[in-house]
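Just so it is clear, the structure is predicted and the values come from calculations on it, not from any experiment. As the structure lists them, so they are numbered: ligands from 1, and atoms in each ligand from 1.
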Amino acid sequence: MSIEQLAETAQAMVAPGKGIIAIDESTATIGKRFASVGIENTEENRRAYRELLLTTPRLSQHISGAILFDETLRQSTKDGTPFANYLAKQGIIPGIKVDKGTTALAGCPGELVTEGLDGLRDRLKEYYKLGARFAKWRAVINIAEDIPSGTCIEANAHALARYAALCQEQGLVPMVEPEVLMDGDHDIQTCYEVTEATLRSLFGALHEQGVLLEGTILKASMVLPGKDCDEDADVEEVAESTIMCLKSTVPAILPGIVFLSGGQSDEDATAHLDAMNRVGNLPWPLSFSYGRAMQQAALQLWSKDLKGNVAKAQALVFERAKANGLAAQGKWEG
Ligand code: 13P
């Protein structure tokens with residue numbers, strides 16, 4: 001696999017006005033989302049729900065790629081077309097979450113490290129054969145008293161870089177995701193400092209391990225006050241802080257940055273992305289790779305009638321894709 005091919009895929013992932021739909025919840029996580037609306041967590045319900053999302057009419061107008069979970073990459077539409085083939089035919093690039101989730105970081109109370117490196121080379125080989133052309137790995141950075149530690153930031157950056165180097169070796173574009181969580185009562189300045197340290201460490205590790213940035217996508221969290229912080233930040237402050245933080249840490253050669261929604265409301269996730277793109281003159285395209293902010297309205301509606309509400313739920317998915325596609329160009333009108 002040449003760097004040109006990786007770069008081409010990475011650029012297509014952040015094509016103007018397009019972003020990524022994240023539907024890569026593990027079986028346990030989708031179970032929590034289903035439980036919140038009273039849906040049973042069976043394999044068929046997971047398949048039917050993912051089919052609903054992926055077969056949304058005209059989705060490819062605003063969606064360039066979809067991140068799937070291992071089980072979903074092996075599943076098919078009800079007429080027997082593997083999801084990866086269905087997506088590729090629509091011009092949507094299939095992606096795959098390859099980390100195996102987080103575990104407590106030994107010696108660092110309250111902190112997490114992401115696992116999944118063992119055997120990753122062979123899994124990536126198989127995922128490529130199944131049609132995946134990019135992969136995602138999520139690291140989690142918690143903010144609380146005295147954390148994150150430098151040890152935690154570095155351990156996660158090192159794992160992200162090892163995963164990214166393996167992806168490129170196997171012909172998949174790595175989407176590197178160091179998520180700074182919104183949980184807590186910290187202020188926006190604290191989030192800024194932690195995000196800056198995290199990204200600085202990540203790009204250092206990527207450089208050390210020979211990862212080619214031209215064939216890499218960053219999935220970033222926005223710079224926001226913690227969920228329980230007393231002081232709110234307005235849309236402009238979030239947009240300006242996030243851009244300043246990214247500009248001071250992310251090399252301009254990166255093909256693009258996409259954001260996770262991280263528990264923001266649908267409206268906030270769109271408004272923040274739109275405001276950032278209205279600033280203009282940025283070194284990289286800024287787009288979205290939302291999970292909850294793409295899906296939650298559709299899931300709510302679908303749960304009320306799993307057979308009867310498919311088309312109506314798909315209309316909501318399309319609405320969210322369109323709004324975020326406009327926000328990726330700074331053209332969302334609210
Ligand atoms: P959210 O947009 O729901 O945060 O999910 C995106 C994602 O892929 C987190 O890993």
| Taking atom types as modelled, is there a side-chain donor on E111 or S149 under 3.5 Å from an acceptor on the other? | yes

| message | Using a 4.0 Å heavy-atom cut-off, which part of A293 comes near ligand 1: side chain, backbone, both, or neither? | response | neither

| task | Would you mind running through ligand 1 and noting each atom that sits below 4.0 Å from a heavy atom of D24? | result | 8 (O)

| said: Strictly distance-based, threshold 3.5 Å: is any side-chain N or O of Y290 a donor or acceptor partner for the main-chain N or O of D266? | reply: no

| message | Is a donor from one side chain sitting under 3.5 angstrom from an acceptor on the other, for Y49 and Q295? | response | yes

| request: State, without any angle test, whether T270 and R320 hold a side-chain donor-acceptor pair at a distance under 3.5 Å. | output: yes

| field | Mode of R292 contact toward ligand 1 - side chain, backbone, both, neither (heavy atoms, under 4.0 Å) | value | both

| request: With heavy atoms only and a cut-off of under 4.0 Å, state how M294 meets ligand 1: side chain, backbone, both or neither. | output: neither

| task | Could you list which atoms of ligand 1 come closer than 4.0 Å to a heavy atom of Y290? | result | 2 (O)

| query | When you look for heavy atoms under 4.0 Å from ligand 1, do you find them on the side chain of S261, its backbone, both, or neither? | reply | both

| message | With nothing but distance in play, are any N or O atoms of G291 less than 3.5 Å from an N or O of ligand 1? | response | yes

| query | Are side-chain heavy atoms of I23 and F69 found at a separation under 4.5 Å? | reply | no

| message | Below the 3.5 angstrom mark, is there an N/O of E177, backbone or side chain, next to an N/O of ligand 1? | response | yes

| At the 4.0 Å heavy-atom cut-off, does K136 count as touching ligand 1? | yes

| Should you measure from each heavy atom of S289, which atoms of ligand 1 turn up under 4.0 Å away? | 6 (C)

| request: Below 4.0 angstrom from a heavy atom of R138, which ligand 1 atoms are there? Numbered from 1 as shown, please. | output: 9 (C), 10 (O)

| request: May I ask you to test the L117-W137 pair for a side-chain heavy-atom distance under 4.5 Å? | output: yes

| Do side-chain atoms of R33 reach the backbone of E25 as a donor and acceptor pair under 3.5 angstrom? | no

| said: When you measure from the side chain of S241 to the backbone of V238, do you find a donor-acceptor pair of N or O atoms at a distance under 3.5 Å? | reply: no

| said: Using a 4.0 Å cutoff against the non-hydrogen atoms of G262, which atoms of ligand 1 qualify? | reply: 1 (P), 2 (O), 4 (O)

| query | What atoms of ligand 1 come within less than 4.0 Å of a heavy atom belonging to A22? | reply | 8 (O)

| Side chains of H272 and L224: does their closest heavy-atom pair fall under 4.5 Å? | yes

| message | For A269, state whether at least one heavy atom is located under 4.0 Å from any atom of ligand 1. | response | no

| message | With the threshold set at under 4.0 angstrom, would you say K219 reaches ligand 1 through any of its heavy atoms? | response | yes

| message | So for atom CZ, which belongs to R200, do other residues, nucleotides or ligands contribute more than 12 heavy atoms lying within a distance under 6.0 Å? | response | yes

